[in-house]
Amino acid sequence: MPELPEVETVRRLLEATVRGRTIRAVRLSGLELREPIPRNLPRRLKGLRLVAARRLGKYLLLELDGGLTLLSHLGMSGRWLFHPRTPADDSPHVHARILFIDGSELWYQDTRRFGLLRLVATSRLGRDPRLSGLGPDPVAKPPTGPLLRAMAEGARIAIKDFLLDQRRLAGIGNIYASEILHRAGVDPRTPAGRVAADRWDAIARETGAVLAEAIERSGTTFSMYRTVWNEPGGYGEQLRVYDRPGEPCRVCGTAIRRIVQGARSTFYCPACQPPATRARRRAPPRRSSRARSRGRGGPSNRRA
DNA sequence: ATCCTATCCTGTAGGC
DNA sequence: TGCCTACAGGATAGGA
């Protein structure tokens with residue numbers, strides 16, 4: 001669910017809401033996430049102050065004083081929700097409640113429980129196996145085309161799956177992988193090792209552009225994702241191909257196609273993203289007036 | 001090594 | 001209406 005732009009949105013809002021607050025108590029649900037929530041979390045966090053919210057790929061790092069960092073991954077359905085005051089009504093699937101001394105609360109809610117909460121010594125973050133295997137964060141360290149091309153040398157994995165591999169680049173997920181490849185004009189099935197040099201330049205450029213625009217709009221809410229204020233992200237209406245099978249490409253009007261790669265949906269425009277085995281067309285087909293008029297307003301985000 | 005599949009879990013949309 | 005199946009933005013262990 002949450003990819004880099006969604007996690008970055010949460011990070012920024014946590015900085016704006018809970019940074020500087022001191023923890024009075026932590027309550028746990030007793031249910032396990034992807035791995036068990038440390039049972040000593042309440043004891044170890046009590047009295048600590050949240051000094052910063054950082055991010056690496058899709059990981060959120062809540063840094064506390066006392067040399068500890070709460071490492072969080074949202075999985076598919078995780079949310080951090082901020083409550084200025086204790087809410088009157090309860091919510092299902094809340095697995096951790098952090099109560100601050102000023103009466104505000106920060107809840108971790110995760111319906112599907114694919115998320116992760118663990119406590120790590122801040123000085124040892126770099127050695128945590130979850131983080132040490134991650135590739136560069138494409139927002140913190142924007143990759144260049146030549147770098148990506150070198151990383152992909154000889155790889156037979158499809159470019160779509162290449163972009164999803166967090167050991168290569170950390171932060172891109174299923175939505176933005178499709179969006180990046182459409183904007184870069186690359187067929188998602190192309191073996192990564194056979195993507196042309198100029199397409200790698202385009203992929204590097206569009207990766208930065210897509211992620212920046214999505215962050216600007218507070219991310220994409222497909223169904224589960226919410227900000228810490230429990231609000232949906234606004235990038236859904238900007239999506240060019242993701243979850244738009246059969247609908248006209250916003251560039252050329254051709255029907256968007258859905259295929260399955262690695263048991264997950266990929267969406268692409270067969271005209272704007274021609275197979276690499278054929279001679280590549282330099283320019284995408286001309287934009288029809290019909291596509292233009294449809295593309296402007298954009299369909300509403302179906303699932304809100 | 002590299003690549004692919006199955007799996008964890010719950011909610012929901014769509015077919016019948 | 002209700003039942004059933006398929007699928008959903010994640011990572012990863014294990015097999016080929």
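Sequence lines set the chain letters: A, B, ... in the order given, protein chains first and strands last, and positions in each chain run from 1.
- When the P atom of B:dC9 is taken as reference, atom CD of A:Glu35 falls 15 Å away, rounded to whole Å.
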Close N or O pairs between protein and nucleotides 11-13 of chain C (under 3.5 Å):
| from | atom 1 | to | atom 2 | distance (Å) |
| --- | --- | --- | --- | --- |
| C:dA11 | OP1 | A:His73 | NE2 | 3.4 |
| C:dA11 | OP2 | A:Lys58 | NZ | 3.1 |
| C:dT12 | OP1 | A:Arg130 | NH1 | 3.3 |

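- Between A:Phe222 atom CZ and B:dT12 atom P there is a gap of 13 Å when expressed in whole angstrom units.
- Looking at residues two or more places apart in sequence or on another chain, you find a side chain to side chain donor-acceptor pair (under 3.5 Å) between A:Gln261 and A:Thr266.
- In this entry the distance linking CG of A:Leu33 with P of B:dC9 reads 12 Å, nearest Å.
- Considering A:Tyr235, A:Phe267, A:Tyr176 as possible partners of A:Tyr242, the one that fulfils the ring-ring contact (aromatic ring centres under 6.0 Å, His included) test is A:Phe267.
- If you measure from atom CG of A:Asp165 to atom C1' of B:dA1, you get 13 Å, rounded to the nearest angstrom.
- For the residue pair A:Arg189 / A:Tyr268, a side-chain donor-acceptor distance below 3.5 Å is found, with atom types taken as modelled.
- Nucleotides B:dG11 and C:dA11 have their P atoms positioned 22 Å apart, rounded to a whole Å.
- The side chain of A:His93 places an N or O atom within less than 4.0 Å of a non-bridging phosphate oxygen (OP1 or OP2) of B:dG11.
- Using a 4.0 Å heavy-atom distance criterion, A:Tyr242 is classed as a sugar-phosphate-only contact.
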Close N/O contacts between protein and nucleotides 2-6 of chain B (under 3.5 Å):
| from | atom 1 | to | atom 2 | distance (Å) |
| --- | --- | --- | --- | --- |
| B:dC3 | OP1 | A:Arg156 | N | 2.7 |
| B:dC3 | OP1 | A:Ile157 | N | 3.1 |

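- Taking all atoms of both residues into account, the shortest heavy-atom contact from A:Val94 to A:Ser29 is O-CB, 3.5 Å.
- In this entry the distance linking CD of A:Gln109 with P of B:dG11 reads 11 Å, nearest Å.
- The shortest non-hydrogen separation linking A:Leu64 to A:Leu50 is CD2-CA, 3.9 Å.
- Considering only residues two or more places apart in sequence or on other chains, A:Asp161 meets the salt bridge (charged side-chain N to carboxylate O under 4.0 Å, His left out) condition with none of them.
- Residue pairs meeting the side-chain hydrogen bond (donor to acceptor under 3.5 Å, both in side chains) criterion with at least one partner in residues 133-149 of chain A, sequence neighbours excluded, are A:Arg55-A:Asp137.
- At least one side-chain heavy atom of A:Ile159 sits under 4.5 Å from a side-chain heavy atom of A:Trp200.
- Interface residues of residues 111-122 of chain A facing DNA chain B, ordered by number: A:Thr111, A:Arg112, A:Arg113, A:Phe114; criterion, heavy-atom separation under 4.0 Å.
- Inspection of the A:Arg21 and A:Ser104 side chains reveals an N or O donor paired with an N or O acceptor under 3.5 Å.
- In this structure, A:Trp80 has its ring center at least 6.0 angstrom away from the ring center of A:Tyr225.
- Think of A:Ile101 as one node in a network of Ile, Leu, Val, Met, Phe, Trp and Tyr side chains linked at under 4.5 Å; it has no links at all.
- With sequence neighbours excluded, the residues satisfying salt bridge (charged side-chain N to carboxylate O under 4.0 Å, His left out) with A:Arg168 are A:Asp165.
- Contacts of A:Arg11 classified as salt bridge (charged side-chain N to carboxylate O under 4.0 Å, His left out), with partners at least two apart in sequence or in another chain: A:Glu8.
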Kindly give the atom pairs (protein nitrogen or oxygen, nucleotide nitrogen or oxygen) under 3.5 Å for nucleotides 5-7 of chain C.
none

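- Evaluation of the side chain to side chain donor-acceptor pair (under 3.5 Å) rule for A:Gln238 yields no partner, not counting sequence neighbours.
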Next on the checklist: Could you write out DNA chain B as dot-bracket? Rules: Watson-Crick or G-U wobble, both distances under 3.5 Å, brackets [ ] for crossings, | for pairs with another strand, dot for unpaired.
Outcome noted: .|||||||.|||||||

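- A 4.5 Å side-chain heavy-atom check between A:His182 and A:Cys272 finds at least one atom pair inside the cut-off.
- If you measure from atom CG of A:Leu74 to atom C1' of B:dC8, you get 17 Å, rounded to the nearest angstrom.
- Under the 4.5 Å side-chain criterion, counting only non-hydrogen atoms from C-beta, A:Asp110 is not in contact with A:Arg79.
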